Number of protein chains: 2
Amino acid sequence: MTPHVKRDGRTTRWEQHRAERREEFVLAAVRAIDTLGPDASVADIAAEAGVSKPVLYRYFADKNELHAAVGAWAADLVLGRVLTAVLAPASARDRVTAGVAAYLDTLAAHPQAFLLLSRPAGGTDPLAAGKDQIAAKLTRLLGDALRHLGGDTGAAEPWAHAVVGLGTSVGQWWLERHTVSRSAAAGYLSDFIWHALSGAAAESGVDLSRLDAGDGEVSPIRPAEPR
Amino acid sequence: MTPHVKRDGRTTRWEQHRAERREEFVLAAVRAIDTLGPDASVADIAAEAGVSKPVLYRYFADKNELHAAVGAWAADLVLGRVLTAVLAPASARDRVTAGVAAYLDTLAAHPQAFLLLSRPAGGTDPLAAGKDQIAAKLTRLLGDALRHLGGDTGAAEPWAHAVVGLGTSVGQWWLERHTVSRSAAAGYLSDFIWHALSGAAAESGVDLSRLDAGDGEVSPIRPAEPR
DNA sequence: AGGTGATCGTTACTGCGAGTAACAGATAAA
DNA sequence: TTTATCTGTTACTCGCAGTAACGATCACCT
């Protein structure tokens, strides 16, 4: 891990700076997308950041990578908010409800960005990245819970993807046509998720509603692990 | 509704033919996408159909419309298969299971096309069309069931979107990494959906497992209503 | 028979947006 | 002072969506 070829101070001194600028460009992209919609061109984003295209391309190999970074940013945002809500001490059901509420709040703050989030893989890899990131976290969460309760841990991954897909789909629907209030949407959504999980638990003889917070079924929040 | 301007035989005689050719082009698009992946260009599709681009553009205003048509085609396919499974006479739970199995079978037959299906809206309207079509059908189905059972019919639409999103997300996950067998995936998926629905029903005092087929909670399959 | 209105199809273009080349200045480590 | 790496620019290439313009065919109509 020590310097490989040359690596004198002239090489290394920029590294922190690079990370900061990259982050700055991601935020500019989010701003541009919030304003211009998810089809904002690279030139638009560069303009929003106050630079010209080639500068952006020094930080991101192509548009997909930029989009992926935006996806990761959004995923961190939701994950952070939802996890703090879900891990708060309360009954299991209340925690689900709180998590869903936090989710919809976050969506409402950046509608355009989240519409982008729901446009995932062609065959290549546009920005499923964000969703996968969330799904991975959820998989661990569910897996731990299932193990703790003695259920079938194989269910963790499919269910995690189910919850993510369900969330993006309902979220998108709610963002596009606001036919119901946020709280109503949150209610329907959390009922659905709660019943799915607790019903499955009940079937293996576990009463989920007795599960309390801080129950060790989940690891603490970690600050956006590097990709 | 009688001829508006001129409409002699020379105008009308093509109408059936147009519909047939359009369908033919949709199938060619499906083939091209199955082969070349979801990023197949319009030229690729035209080549697959044995024509040149402008011909395609006589039938579809732009690429989105073509994609939307592919989405609609796929939606019809799944809807057809899933509905016949779901409407077959059996216990409610078995019907859910059968529906999910039919769904995964259909996915497996056209993986590429369905990966395309899950790449929906920018802000414009790429091919959310197909998903919306399914969601609409599901909304009616659930709405009728809820009304029949005296539940809150407002839940129908969010839940329909939840089921669609859940299905595409898990479907995509399963197509990309086949980490579990089809039947296992089907099991996890149908458990999830079944518990979500029956749990919600139970909460309003209804025992869903007593619901039998042909219960009038659903209208018969209709042959792909024109858009 | 001969004109007409619609299709069939082609090749060759425009135009936009992603990504690149090439070049010039700044700054701090060596 | 040289050197490595950043800063940034303008002006290009190139691929693909979509269009223009043209000619052929064939059944209907008069």
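In what follows, chains are A, B, ... by sequence order, proteins preceding strands, each numbered from 1. All values reported here derive from a predicted model rather than from experimental measurement.
The phosphate of D:dG8 (OP1 or OP2) has no side-chain N or O of A:Ser52 nearer than 4.0 angstrom. The shortest distance between the side-chain N/O atoms of B:Arg58 and the OP1/OP2 oxygens of D:dG18 is not below 4.0 Å.
Separation of the A:Trp73 and A:His110 ring centroids falls under the 6.0 Å cut-off.
Base contact: B:Val55 has a heavy atom under 4.0 Å from a base atom. Within 4.0 Å of B:Ser41, counting heavy atoms only, lie sugar-phosphate atoms of the nucleic acid but no base atom.
Classified by interplanar angle (parallel below 30°, tilted 30° to 60°, perpendicular above 60°), the ring pair A:Tyr59/A:Phe25 is perpendicular.
For B:Tyr59, counting side-chain heavy atoms from C-beta on, the closest listed nucleotide (C:dT7, C:dA22, D:dT19) is C:dT7. Of the candidates D:dT9, D:dT19, D:dG18, D:dT9 carries the atom nearest the A:Val51 side chain, counting heavy atoms from C-beta on.
For A:Glu24 and D:dC6, the CD to C1' distance is 14 Å, given to the nearest whole Å. At whole-Å resolution of the value, CD1 in A:Ile45 and C1' in C:dA18 are 12 Å apart. Note: CD (A:Glu65) to P (C:dG19) measures 10 Å, nearest angstrom. Distance A:Asp62 CG to C:dG17 C1': 14 Å, rounded to the nearest Å. Regarding B:His67, its NE2 atom lies at a distance of 13 Å from the C1' atom of D:dC16, rounded to whole Å. The distance between atom OH of A:Tyr57 and atom P of D:dG8, rounded to the nearest whole Å, is 17 Å. The distance from atom CZ of B:Arg21 to atom C1' of C:dT7 is 10 Å, rounded to the nearest whole Å. Between the C1' atom of D:dT19 and the CZ atom of B:Phe60 lies a distance of 18 Å, rounded to the nearest Å.
One can find a donor-acceptor pair under 3.5 Å joining the base of D:dG18 and the side-chain atoms of B:Lys53.
Between A:Ile33 atom CD1 and A:Glu48 atom CD the span is 10.5 Å, to the nearest 0.5 Å. Separation of atoms CZ (A:Arg177) and CD (A:Gln172) is listed at 9.5 Å; rounding is to 0.5 Å.
Under a 3.5 Å cut-off, the side chain of B:Ser190 and the backbone N or O of B:Val100 do not form any donor-acceptor pair.
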